[in-house]
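Read the structure below first, then the notes.
Computed from a predicted model, the values in this text were never measured in an experiment.
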Amino acid sequence: MFKKYDVIVVGAGHAGCEAAAAAANLGSKVLLVTMNMQTIGQMSCNPAMGGVAKGQIVKEIDALGGYSGKVSDYSMVQFRMLNRSKGAAMWSPRTQNDRHMFASYWRQLLEETPNVDFWQEMVTGLIVEKGICRGITTQMGLEIHSKSVVLTNGTFLNGIIHVGLKQFGGGRVGERASTGITGQLVDLGFESGRMKTGTPPRVDGRSLDYSKMEEQKGDEEIVPFSNNTVSLPRKQLSCHITYTSPEVHDALREGFDESPMFNGRIQGIGPRYCPSIEDKIDRFASRDRHQMFVEPEGWNTCEIYVNGFSTSLPESVQYEALKKVKGFENVKMFRPGYAIEYDFFQPSQLKQSLETKLVENLFFAGQINGTTGYEEAACQGLMAGINAHRKGEEEEALILKRSDAYIGVLIDDLIGKGTNEPYRMFTSRAEYRILLRQDNADIRLSPIGFEIGLLDEEAYDKAINKDNHSKLIIKYLDKHSIDPKDIDPILEACGTPKLKHKQKILPLLLRPEVGIFDLMKVKAIEEALSVYDKPTIEQAEILTKYDGYIQRERELAERLEQLEHIRLRSDFDYDLLQSLSSEGKEKLKKVRPETLGQATRISGVSSSDISVLMVHLGRG
């Protein structure tokens, strides 16, 4: 029944969908295997995309030719640009999404992709011959062959769900766990571990009193994730903010003796930056309240996601505690929150391409690599899909550097450092974050997406035009002068000194108090710049105001990039170098860095260890 495929993708979450779409759009024949065709692209936890650093990742996925940005824009019910009060490097787009629309549009896009086939069944094993992955085996005993396999199993590998003292197998509520793959991979020599994540209860929005909460509206101006998005919602749904209280905390403590978090039932490590509510009140006992976000699940449902109240306490304890939250006095609960434990594999066992070091043509992406979050999973899926296709075509893998994209930072962190807790992206993880802004993701990465054949010419042209036009704006501001009488009223309104004589326009934009749209209140400047769209004008402003910082980061990146061109053999015997520190030797042997640059970022490898390597390589 099955032909031989180029790429088989196991799992149809965010990583799996991006992997299947990328490989198929590049020309590979793809089989997407999922245990449930009705949950393709499902938002398992919160109905939102983007946020701090995550929004930058979604923009990068779109710039390379992935679909997450397009799907997020289509299903948007609210938009906010976070951190607008900070510098441009911190601006982070975030959408609240309609859960049903998000998943249904993902499935539609995949079904409209001619090279994607689907199969609904559990994958129980891999076909591995002489260290090369040749396909998969299924629960019904089918063998399906392919050039490569991408595993994106999410939380399903030996997943166990916890609600109080109750526990049962499952990869998501109402869905069974996946078994068989972990054991085979361990037998092949892979190092596995357990991680934990959780989700809050879902409640009936009709039972809440929103008048007792703070309303959180969306931004009036919507900035889409995708450059191809032309239709945006005319209205937005509001979220609301409320808080826990000492009474809520006391009610939750009633169930601590039945908490799988505290009684030892949960062995996996949970996400540091998204703790459960019981973990928060235990770790931060001095705080008498914690923020809760009341988020709608979509346009046509009353279901509410209670962000900030993730829990695995008994359902009765969850319910009694929720009733003590302001605005939740008459709450009706649709289903309780729960915790889930699942298997993952140390990502230090991967190459930069996300291909495993132990088994050729086998790729890992998403939570199987120890990450948390839709965006982190989606970008890994995109890169794994691209590189699985390129491996089949005997082309060089696409590797994004840390100075290229947040995606490059994420993968380099995982490969070089591994992780002992669910990995989440933050702007602070990127040393080149002034280069890696959300506003220039298209300019940075569209040429790469277009070159490899994943991004269409129209989107590429838009990015190139934006780049060129922003430079024309800067050139105009640097060339033309302005008279004090034309600009002084505006400068006075901005709270900055007036001009003493006629001068060039560009230096005025370097003043912190003055923005480019302030300057456009001058008729001549407005007439000159009105031919450009707002994103292009903003791009020119950012490039001008941050020019010194941008140049410094670019120079630093170029200097350090020289180390990325010094290759290290995968079979190099580090025991031969007696001058290496014991820890450095141990870490180098475990990670097996592909370049000297990657070696510098391995935790435990010192600068003196790098010097030893450079001397040995004749680079001293």
Can any side-chain N or O of [X] pair as donor or acceptor with the backbone N or O of [Y] at less than 3.5 Å?
{"X": "H480", "Y": "Y476", "answer": "yes"}
{"X": "D488", "Y": "K485", "answer": "no"}
{"X": "S611", "Y": "D609", "answer": "no"}
{"X": "T419", "Y": "P422", "answer": "no"}

Classify the ring geometry of Y374 against H14: parallel below 30°, tilted from 30° to 60°, perpendicular beyond 60°.
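Ring orientation of Y374 relative to H14: parallel.
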
Please work out which of the three classes, parallel, tilted or perpendicular, describes the rings of Y549 and Y546, given edges at 30° and 60°.
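The rings of Y546 and Y549 sit tilted, inter-plane angle from 30° to 60°.
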
Within 45° cone and under 6.0 Å: K534 NZ/CZ vs F517 ring:
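Yes, a cation-pi geometry holds between K534 and F517.
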
Any chance you could lay out the salt bridge (charged side-chain N to carboxylate O under 4.0 Å, His left out) test for R424 and E376, step after step, and finish with the verdict?
CA-CA 7 Å; R424 179 179 178 180; E376 289 89 343; 5.3 Å; no

Hey, are [X] and [Y] close enough for a salt bridge, meaning a charged N less than 4.0 Å from a carboxylate O?
{"X": "D62", "Y": "K70", "result": "no"}
{"X": "E583", "Y": "K587", "result": "yes"}
{"X": "R444", "Y": "E60", "result": "yes"}
{"X": "D518", "Y": "K521", "result": "yes"}
{"X": "D413", "Y": "R402", "result": "yes"}
{"X": "R80", "Y": "E220", "result": "no"}

Under a plain distance cut-off of 3.5 Å, with no hydrogens placed, do [Y] and [X] share a side-chain donor-acceptor pair?
{"X": "D73", "Y": "S226", "value": "no"}
{"X": "N307", "Y": "N46", "value": "no"}
{"X": "T536", "Y": "D533", "value": "yes"}
{"X": "N465", "Y": "Y460", "value": "no"}
{"X": "Q598", "Y": "D412", "value": "no"}
{"X": "N369", "Y": "T371", "value": "no"}
{"X": "D98", "Y": "S75", "value": "no"}
{"X": "Q78", "Y": "S238", "value": "no"}

Give me the one residue out of [options] that meets side chain to side chain contact (heavy atoms under 4.5 Å, CB included) with [X].
{"X": "L508", "options": "L477, I490, L519", "result": "L519"}
{"X": "I516", "options": "I505, I525, L529", "result": "L529"}
{"X": "I407", "options": "I411, V409, L410, D404", "result": "I411"}

I'd like to know whether W91 forms a side chain to side chain contact (heavy atoms under 4.5 Å, CB included) with I542, so could you lay out the CA-CA distance, the side-chain angles of the two residues, the decisive distance to 0.1 Å, and finally the verdict.
CA-CA 12 Å; W91 297 356; I542 291 167; 4.1 Å; yes

Assess the pair F572 and H616: is the distance between their ring centroids shorter than 6.0 Å?
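So the answer is yes for these two rings.
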
Chi angles and distances behind the side chain to side chain donor-acceptor pair (under 3.5 Å) call for E18, S68
CA-CA 8 Å; E18 286 288 4; S68 287; 2.6 Å; yes

Side chain to side chain donor-acceptor pair (under 3.5 Å): which pairs involve residues 489-503, sequence neighbours left out?
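Applying side chain to side chain donor-acceptor pair (under 3.5 Å) to every pair that reaches into residues 489-503, excluding sequence neighbours, yields T496-R511.
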
How far apart are the C-alpha atoms of R94 and E295, what are their side-chain angles, what is the distance that settles it, and do they pass the salt bridge (charged side-chain N to carboxylate O under 4.0 Å, His left out) test?
CA-CA 13 Å; R94 183 183 190 271; E295 301 177 344; 3.4 Å; yes

